[in-house]
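Worksheet for the structure shown next.
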Amino acid sequence: MGRVAGKVALVTGAASGLGAASARMLAREGATVVLADLDAVAGERVLRDIEAAGGTGTSIKLDVAVEQDWISAMATIRQRFGRLDVTVNCAGTNIARSFPTDTTLEDWRRLMSINLDGVFLGTKHSLVAMQQSDPVNGSIINISSIMGLIGAPDIAAYNASKGGVRLYSKSVALSCAEKRLAVRVNTIHPGFVDTPLLQTAIDRFEDREEGRRVYDALAPVGRLGVPDDVAYGVLYLASDESSFVTGSELVIDGGYTAR
């Protein structure tokens, strides 16, 4: 217990899935957590769970693709807590699988606005806030995907957005290191994890149990990941245990990309 005690952590997409699991994990280990999500009602429900378990935090409404929302969020964090130590850019989405010529520019831009613009804005404004903290000791954790490491047919836009997160994060990590700014930037690359986003894919099967078996079989370990599998990775990168880790990618995929 207490691996991130005293830290203030912002988690986007915190109302469900990996974001909610990460927020709960960080709170359980002593952080004050700011839960940010477009669905403020669901975010409040997660916050109540955290508080019932003895954790502390607050919930804010945030559209990660809108810069003014980020400016307002950082002002709130500064006013209420006086510092920011950890940002987990977890909010993300997907679009329907399609051959490249069938992907509309509208869908492409909507996906990029959340998956890539949201990470850019979250990283940019977190860096400003973290530099105002005393002392500066920041960790930015950008959630990518195994699909930011390997390609797959008919998800070119998603591949591009998650690959962009990976290389953007490496560049920012090097920029911070070059300036001797004590902010680390890393990416996490989850494989197939049992979240609401994956459940929509399973729902497309006529037999949901068969769909579940198909996804379980994708990982060499023989099962889907659970959100806490990823949240433990977030906890490590948020903690001072990873003080020598920056510009790296943490792959949490049950061995999928090892083949």
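Aromatic ring orientation, Trp70 versus His125: parallel (interplanar angle below 30°, classes split at 30° and 60°).
In the hydrophobic clustering of this structure, Phe205 groups with Ile155; members are Ile, Leu, Val, Met, Phe, Trp, Tyr whose side-chain heavy atoms approach within less than 4.5 Å, directly or through other members. Tracing side-chain contacts under 4.5 Å through hydrophobic residues (I, L, V, M, F, W, Y), one never reaches Val11 starting from Leu38; they form parts of separate clusters.
In terms of heavy atoms, Gly92 sits closest to Ile114 at CA-CG2, 3.9 Å. The shortest non-hydrogen separation linking Met74 to Ala129 is SD-CB, 3.9 Å. The two residues Gly254 and Pro220 have their closest heavy-atom pair at O-CD, 3.1 Å. Residue Pro196 comes nearest to Gly17 through the heavy atom pair CD-CA, 4.0 Å, listed as atom of the first residue, atom of the second, then distance. Considering all non-hydrogen atoms of both residues, Gly43 and Ser59 come closest at C-OG, 3.6 Å. Across all non-hydrogen atoms, the minimal contact from Val230 to Pro190 is CG2-CB, 3.9 Å.
Judged by a 6.0 Å distance limit and a 45° cone about the ring axis, Arg259 is positioned over the six-membered ring of Tyr256.
Under a cut-off of 6.0 angstrom, the local environment of CZ in Arg109 is sparse, with at most 12 non-hydrogen atoms contributed by other residues, nucleotides or ligands.
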- Output, in order, the C-alpha distance, side-chain angles, deciding distance and verdict of side chain to side chain contact (heavy atoms under 4.5 Å, CB included) for Cys176 and Leu127. CA-CA 9 Å; Cys176 292; Leu127 281 172; 3.6 Å; yes

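Applying the salt bridge (Lys or Arg N to Asp or Glu O under 4.0 Å) rule to Asp228 yields no partners; only residues at least two apart in sequence or on another chain are considered. The side chain to side chain donor-acceptor pair (under 3.5 Å) search around Ser171 returns none, not counting sequence neighbours.
Salt-bridge annotation for Lys7 and Asp240: present, with a side-chain N of the basic residue lying under 4.0 Å from a carboxylate O of the acidic one. Between Arg213 and Glu210 there is a salt bridge, since a side-chain N of the basic residue sits under 4.0 Å from a carboxylate O of the acidic one.
Contact check for Ser16 versus Thr195: no side-chain heavy atoms found under the 4.5 Å cut-off.
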